[in-house]
Student: 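The structure is given below, and queries will be raised subsequently.
Letters go in sequence order (proteins before strands), and every chain restarts at 1.
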Amino acid sequence: MEQQLSEQERIRRDKLNELRRMGINPYPAPEYHVSHVAADIKARFAQQPEAFTQVRIAGRLMSMRDMGKACFAVLQDHSGRLQMYVRKDDICPGDDKSLFDIVFKKLLDIGDIMGAEGYVFTTKTGEISLHVKHFTLLSKALRPLPIVKTDDSGQSFDAVSDPEFRYRQRYVDLIINPQVRDTFVKRSKIINCIRRQLNAAGMLEVETPILQSIPGGATARPFITHHNALDIPLYLRIANELYLKRLIVGGFDGVYEFAKDFRNEGMDRTHNPEFTVLEFYVAYKDYHWMMQFCETLLEQVVLDLYGSTAVQVGATTINFKAPFARLSMREALLQHAGIDISTMDEAALREACKQRHIATEAHMGRGKLIDALFGETCEGHCIQPTFITDYPVDMSPLTKAHRSLPGYVERFELMVNGKELANAYTELNDPLEQRTRFDEQLKLQARGDDEAMFIDHDFLRALEYAMPPTAGIGIGIDRLTMLLTNQAAIQEVLFFPQMRPQHQTPQTHEQPTT
RNA sequence: GAUUCUGUAGCUCAGCCGGUAGAGCAUUACACUUUUAAUGUAAGGGUCCUGGGUUCGAGUCCCAGCAGGAUCACCA
């Protein structure tokens, strides 16, 4: 395929050929032994200078300041950046100065991967640097790397800020924008911290099917695909809830899964077609226990991440110190909307929506109407972590009926910064009741609600073998990460967010059939 | 899906009332033995997102499309 090369790309290809002509392999095979990393050198050199007399580091060349017979260059490895001082007479002790004059100064470029060996010292201006004795080209870059310069006050110049560029070429974004890397490191820490706590609580990490013939456990439009050998449609899972509960039936008393779920719906700054949800289920517990577990779980995550329970999100400080506030759905609406849903029928709720200019649909039952009222009047008020408890039964088909409030279920959502972060309940384990609830979903479907749940008969069969009383929860990991890293867009916490194809899609390749 | 803004050099951006393209960084060449967004001098580098239209003439005005952002609606 013929491709148009820019001037800078042509020059770099010329340099590649020149290196080969000089007998230098621009993509060498042997291991390059690395003895130190940049951040470690900077952190420990002042205390133990004697430990850094022989140092080998490797990374990407990020800048080069040519001073004639010496050069200052910056190498970036996974830990950070370190300045290198490269002097002609050190690199070329003999008469042949080409290694410095030609190879280092002319044939290396910003973006190249290289290794450097030497001793650490502090420059006249006080910067801890590597005095380079030997260098090795490890991989030649053929495309120019966008240069972001930062001055002493930390202000950066010409930073690549175009989200399209950053998301489509995340690898470049990660190289040149250190704060982006930091966000993803935090994401990993969040997941690790949660996993550690769940393991410590004796739960088992499990994997359940992503390809499902009945996409259950939530209400959403699924992606559909086709299995050739079985000649059946399969759906990408929208939730893993029903599978995890089958495992509770099977005798595991605590199971969890960090699950990629898929929903074939709109995309915006808070929705990506694939996203990550942590779900876990614990036998012999109820939703009160789950609230306690959840608040200490999240408190510990924030503590691990920041050393304090407080997080700055935009202009507000959110404190994850347990216990979190608890407010029933009825109390919340009483407080923020001045209405008492316990005394209102469907018509009264519809009227309340109308008064507040909230759009309603004919198929909306009590549950959806209350949900709409709550979303409109209460949600935005829940800035500090708040458990909203006790939801109407008709919007929670998998939840056990409330122990004392008829018409309600034992469910809570955790609201933080005006948004839902977790959804949990005392699981419905009465198989006959579950069958009735599924039937009600069918009726909703008949009323025109295209989000009603599919019926999973195998799941009902599992419940008929008896599932212990169980508490379960789902926590949106992307949303949690957004909150804890102060990011407004889900694209900022996903390495490779879904994007529209940039150019006209080439002819779809023939599916290889087996 | 609706509204709105944006798309110009590798990157960040100017480009007036319509007259065939500009800066900084990066690149190339030269100078300089501790620089800090290094500096100085010089040079090269463009499918102005794509396709139509208006016009003697379009980066600029009009229409359509593509991609991205923001706001709104729905979903997590």
Student: Mind checking who B/G46 pairs with, Watson-Crick or G-U wobble, both distances under 3.5 Å?
Tutor: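 With both distances under 3.5 Å required, B/G46 matches none.
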Student: Quick one: A/Asp268 CG to B/G68 P, roughly how many Å, whole number?
Tutor: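 Rounded to the whole Å, the gap is 13 Å.
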Student: Could you tell me whether the side chains of A/Ser396 and A/Arg411 share a donor-acceptor contact shorter than 3.5 Å?
Tutor: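 Yes, because at least one side-chain N or O of A/Ser396 sits under 3.5 Å from a partner of the opposite role on A/Arg411.
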Student: Listed by chain and number, what are the side-chain hydrogen bond (donor to acceptor under 3.5 Å, both in side chains) partners of A/Thr122, not counting sequence neighbours?
Tutor: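 A/Thr122 satisfies side-chain hydrogen bond (donor to acceptor under 3.5 Å, both in side chains) with no residue once adjacent residues are dropped.
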Student: Specify the separation, in whole Å, of atom CG of A/Asn272 and atom C1' of B/G68.
Tutor: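 Spelled out: CG on A/Asn272 to C1' on B/G68 is 15 Å.
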Student: Applying ring-ring contact (aromatic ring centres under 6.0 Å, His included), name anything that partners A/Phe293, two or more places apart in sequence or on another chain.
Tutor: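 With sequence neighbours excluded, A/Phe293 shows a ring-ring contact (aromatic ring centres under 6.0 Å, His included) to A/Phe280, A/Trp289, given in chain and number order.
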Student: Return the value, rounded to whole Å, for the distance between atom OH of A/Tyr167 and atom C1' of B/G7.
Tutor: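 Between C1' of B/G7 and OH of A/Tyr167: 17 Å.
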Student: Pairs in or reaching into residues 114-129 of chain A: which pass salt bridge (Lys or Arg N to Asp or Glu O under 4.0 Å), with residues at least two apart or in two chains?
Tutor: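 Every pair satisfying salt bridge (Lys or Arg N to Asp or Glu O under 4.0 Å) with a residue in residues 114-129 of chain A: A/Arg56-A/Glu117.
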Student: When you compare B/C74 with B/C17, how far apart are their P atoms, in angstrom units rounded to a whole number?
Tutor: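 42 Å, rounded to whole Å.
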Student: Tell which nucleotide pairs with B/A2, taking only Watson-Crick or G-U wobble pairs whose two distances are both under 3.5 angstrom.
Tutor: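 Across all strands, the one nucleotide that pairs with B/A2 is B/U71.
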Student: Charged N to carboxylate O under 4.0 angstrom, A/Glu7 versus A/Arg12?
Tutor: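 Looking at A/Glu7 and A/Arg12, the cut-off is not met.
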Student: Counting side-chain heavy atoms from C-beta on, which of B/C11, B/A76, B/U71 comes nearest to A/Arg269?
Tutor: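 Closest nucleotide to the A/Arg269 side chain: B/U71.
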Student: Reckon A/Asp478 touches a base, only the sugar-phosphate, or nothing at all at heavy-atom distances under 4.0 Å?
Tutor: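 No contact.
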Student: Could you tell me which nucleotide pairs with B/U60 by Watson-Crick or G-U wobble geometry, both distances under 3.5 Å, or answer none if nothing does?
Tutor: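 No nucleotide pairs with B/U60.
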Student: Confirm from the modelled atom types if A/Asn264 and B/C75 form a donor-acceptor pair under 3.5 Å, side chain to base only.
Tutor: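 Answer no: no donor N or O sits under 3.5 Å from an acceptor.
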Student: Quick one: is A/Arg168 getting a side-chain N or O under 4.0 Å of the B/G68 phosphate, OP1 or OP2?
Tutor: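 Affirmative; the distance criterion is met.
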Student: Nearest whole Å is fine: how far is B/A76 C1' from A/Ile473 CD1?
Tutor: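 About 14 Å, once rounded to whole Å.
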Student: Out of B/A73, B/A67, B/U12, which has the shortest distance to the side chain of A/Asp162?
Tutor: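 Minimum distance to the A/Asp162 side chain belongs to B/U12.
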Student: Residues in ring-ring contact (aromatic ring centres under 6.0 Å, His included) with A/Phe412, at least two apart?
Tutor: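 Checked A/Phe412 against ring-ring contact (aromatic ring centres under 6.0 Å, His included); matches are A/Phe387.
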Student: Once each nucleotide of nucleotides 26-35 of chain B is scored for protein heavy atoms under 4.0 Å, what B/S/- sequence comes out, 5' to 3'?
Tutor: BSSSS-BBBB
Student: Can you list the residues that meet the ring-ring contact (aromatic ring centres under 6.0 Å, His included) rule with A/His134, with sequence neighbours excluded?
Tutor: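 Result, ring-ring contact (aromatic ring centres under 6.0 Å, His included) vs A/His134: none returned.
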Student: Check every strand shown and say whether A/Asp371 touches a base, only sugar-phosphate, or nothing at a heavy-atom separation below 4.0 Å.
Tutor: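 No contact.
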Student: Sticking with atom C1', work out how far B/U27 lies from B/G10, rounded to a whole angstrom.
Tutor: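 So the two C1' atoms sit 9 Å from each other.
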